[in-house]
2 protein chains.
Amino acid sequence: MAVTIKDVAKKAGVSPSTVSRVLSNHPRISAETSRKVREIMEELGYHPNIMAKNLVSRTTNSICILLPKSAEELFSNFFFMELIRGIVTQANRQGFDVLISSGANEKDEVEGVSRLLNGHRVDGVILLYSRIDDPVVDFLHKNNHKFVLIGRSEHYPDILSVDTDNVQASYDATKHLISLGHERIGFVSGPPELVVSKDRLKGYMQALIDSGLESKPEWIVEGEFLQESGYRAISFFMNLPDRPTAIVLIDDVVSFGVLRGLHELNYKVPEDLCLVSFNNIPLSEMSTPPLSSVDIGIYNMGYTASQLLIQAIQNTGEAKTELGRFIIPHRLVVRESSIFSVPKGS
Amino acid sequence: MAVTIKDVAKKAGVSPSTVSRVLSNHPRISAETSRKVREIMEELGYHPNIMAKNLVSRTTNSICILLPKSAEELFSNFFFMELIRGIVTQANRQGFDVLISSGANEKDEVEGVSRLLNGHRVDGVILLYSRIDDPVVDFLHKNNHKFVLIGRSEHYPDILSVDTDNVQASYDATKHLISLGHERIGFVSGPPELVVSKDRLKGYMQALIDSGLESKPEWIVEGEFLQESGYRAISFFMNLPDRPTAIVLIDDVVSFGVLRGLHELNYKVPEDLCLVSFNNIPLSEMSTPPLSSVDIGIYNMGYTASQLLIQAIQNTGEAKTELGRFIIPHRLVVRESSIFSVPKGS
DNA sequence: TTGAAAGCGCTAACAA
DNA sequence: TTGTTAGCGCTTTCAA
C-alpha cells in the first residue's frame, strides 16, 4: 500500500494535520517541523493522493477537451494538435490536468461531459470547434457549467469563447485577391453546420460587395476540410464558362486538393488561378507553389482558451467572470500562390 | 451542493449501501428497489462522484498519454492525432478516461507522470514514441508502473509495446525500389535518438546487402520529421556526382520537402527520382505526384496500445500480464512517386 | 504552532 | 435482499 499522510506523521512524530499543513504551505507552521516533515516525506517516498485531496477540497484541478467525434470531422489534424498543445501547455503551467473525451455521436458527447462535469471529475470543458446548433453547448449553458468555445455560438453570443475574426480574415483574404486585379473570385467553404464556414463566407461576400464585384452562386462551393473537397471543387470551377480567376479556400488542406486537381488539368498556379486559404499549416510553405494563407494563431487560441477557462473556474463566486469573445489576431501570409496579377482571360 | 447517494437513499427510503449496489448492478438486489432507486436518481438528477468512488475503490479508471514536449518533436501531427484518436476511442469504450500530460523537458515529463501515477490519478501511461535512451521509461520500469510504449525499448526489450516491424517495413520499401531496377538508393532518416530511425535504417541497409547493392555513407542523411529535412537533403543528394536514383524517406512530410526541392531544381518525380516514404498520411495521396508510402496503421496502433494497457491494469495480481511487442501489420501503398523504372543515367 | 475530530461521497465487509 | 459500520486519504474547523 502506498505511503499516506499518516505514515509520514507517525514517523515525524507529528499529527496528520501538521503534515497536511506542510503540504499546503500553511503560513503558521514552524520552519523546523516543516523541514523535518519534508525530509520524512522524501525518505518515505510520499506522494499525495490526488483523489482524496480533490474529494475534500471539492475541486478537481482538471479540465476536459471534447474531441471531434469522427476522423472526418477531425479535419485539419494540424489545427487540433496545435490547439491541444496550447491548451495542455497552459493548463499544466497552472497546475491543471487535461482530460480528453470524445463520443460516437452528439448524444454520446453530452453524456460524456455530463458524467465528467456532474461527477466532479473535471471543473470545465473546452469545445474545439463550433457547430451552428450544438446540443453540447445547450447542455453546458443550461446547467451553468464552466466552458469555453473555440469559435463562437450563434445562440448564445455571450458565451466565453476564443475566436478568430473570421469575417474580417476572410474579408482581408478576398480583398488581397481583389487588389491583385481579380474580378471573378470563387469560394470553397467548409461544412455548412460549422460557424467558421458561415463567417468566412460572409467576409468573402462583403469584400466583393464593397468592391462592386459580381458574386455568382456557382462560384461558391461547400465541402469538408479535406483535400477531396478541393479536388472536386476545382474540376467544377474550371468547367464553368465564366470561371473564377482566383479562389478563397476554407483551409490549406483543401488547397492541396486544388493544387492536385489543377496539375492534372494542366493549369498553373498562380498563372491560371490564384489561391488564398486559411490556417497557414507548416506544409503550406512547402507546397508547389507555396500557398498564401491566413495565419490564425492556433496555438495561441488554445493557450488563451485554457487560460480563460481556468480563470473562470477559479473566480467562481466572486466577481462574475468576464464573458464574451476573445479575438486572436490573424495575419495574411502572402506566398507564391497569389503573387501574380490577373491571369489570362480576365 | 450536489445530490449524493445519501439524498437518494433517504428519498427512496433505503440505505445508502442499497443505492450503491444499484449503481454497481449488484446481483442480489430486488428488481423492485432497483427500479425505484433509479427513478429517484433520475428525479433528483443524481450523478456519482467519481473522485469518491475512485478513492475507495483504489482505482482511477484513467490512463495518461504523454505528449511529446515541443512542437518540433510533434513531428507528423497526423501521426499523433491518429494515435490519440485510437487511444481515446478504445479507452472510452472500456470506460476509461484519458489524461494528457506533457513537460518542457525530460525531467518535467518524469515528474508529471510520477505525480499522476504515484498520486493515484491514473492507472497507467502510454508513451507515444520511443527514444533510444528514455528516462521516462527508466522511471516507469523501475517503479513497476503499468505502461505501454508505441515503438520499442532497446534497454528493456520485454516491455509492453505496440510497434510496426520497422525493419521489415523499410526492407519492403527498399526492395520495392530495387525491384523497379534502382541500384543507387538513398535514405533520409529521422532524429538518431528515435528507435524508429534506427530500425528503418537497418531495414534499408539489409535490403541493399541482400540484393548485392552498394551502399554509400553519403546516400544516408539524418534529419527531423519536417519538410525542411527533405528540402535540405535533396539539394545535397542532387549535387552528388553519383546521385541516388531513388530514396526511402522516414516520413511523408519529409517527402513533401523533397518534392518541393526537386520542383525548384527542375527535376521530375518519378522520372528523375523515385520516392517511397512512411505513414501514408491522407495528404500523400494528393501530392503531385501522389506518394508511395508504407501504411503502418496508426489508429490501430493507438487502439491496440490502449487495449493492452487497460488489460494490464485490470489483470493486476492475477496471471502476470503478457509482455512483449505487439506488431501491427504494415502495407506498402504504391503510387506514382515510384512507378517508373530506372531513371536516366542509371 | 500544533493536535483531535469530523467529514468529503462512496464501497464493502459483516450482520441481520 | 438489505442495513450498519468502518474506512479510502485528505483538509479543516475548533480547541489547546
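The shown structure was predicted, so the numbers you read here are calculated from the model rather than taken from an experiment. Naming convention: chains lettered A, B, ... in sequence-line order (proteins, then strands); numbering from 1 in each chain.
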Polar contact flag, side-chain donor to acceptor under 3.5 angstrom, B:Y46-B:R38: no
Test: A:R152 and A:D158 ion pair at under 4.0 Å: no
Give the rounded distance in Å between these two atoms: [atom1] of [X] and [atom2] of [N].
X: A:I5; N: C:dA4; atom1: CD1; atom2: C1'; value: 14 Å
X: B:K53; N: C:dT11; atom1: NZ; atom2: C1'; value: 8 Å
X: B:D7; N: C:dC10; atom1: CG; atom2: C1'; value: 13 Å
X: A:K10; N: C:dG3; atom1: NZ; atom2: P; value: 15 Å
X: A:M41; N: D:dG9; atom1: CE; atom2: P; value: 17 Å
X: B:L23; N: C:dC10; atom1: CG; atom2: P; value: 8 Å
X: A:R35; N: C:dT1; atom1: CZ; atom2: C1'; value: 16 Å
X: A:H26; N: D:dC10; atom1: NE2; atom2: P; value: 18 Å

Any side-chain N or O of [X] under 4.0 Å from OP1/OP2 of [N]?
X: A:S15; N: C:dG3; result: yes
X: B:S30; N: D:dT2; result: yes
X: B:T18; N: D:dG3; result: yes

Distance in Å, B:R85 CZ paired with A:I100 CD1, rounded so as to fall on 0.5 Å steps: 12.0 Å
Presence of donor-acceptor pair under 3.5 Å, side chain of A:S17 and base of C:dA4: yes
Donor/acceptor link under 3.5 angstrom from A:R58 side chain onto base of C:dG9: no
Aromatic ring pairing B:Y129/B:F80, orientation class (parallel under 30°, perpendicular over 60°, tilted between): perpendicular
Where B:S102 and A:V88 come nearest, the two heavy atoms and their spacing: OG-CG1, 3.8 Å
Closest-nucleotide ordering on DNA chain D, the 5'-leading residue of B:S34 and B:V56: B:S34
Minimum-distance nucleotide (side-chain atoms of [X] versus [options]):
X: B:R21; options: D:dT2, D:dT11, C:dT11; answer: D:dT2
X: B:K6; options: C:dC8, C:dT11, D:dC10; answer: C:dC8
X: B:T33; options: D:dC10, C:dC10, D:dT2; answer: D:dT2
X: A:V14; options: C:dC8, D:dG3, C:dG3; answer: C:dG3

5′-ward residue of the pair B:A52/B:R28 relative to DNA chain C: B:A52
Touch class at under 4.0 angstrom, heavy-atom based, for B:L55 against every strand present: base
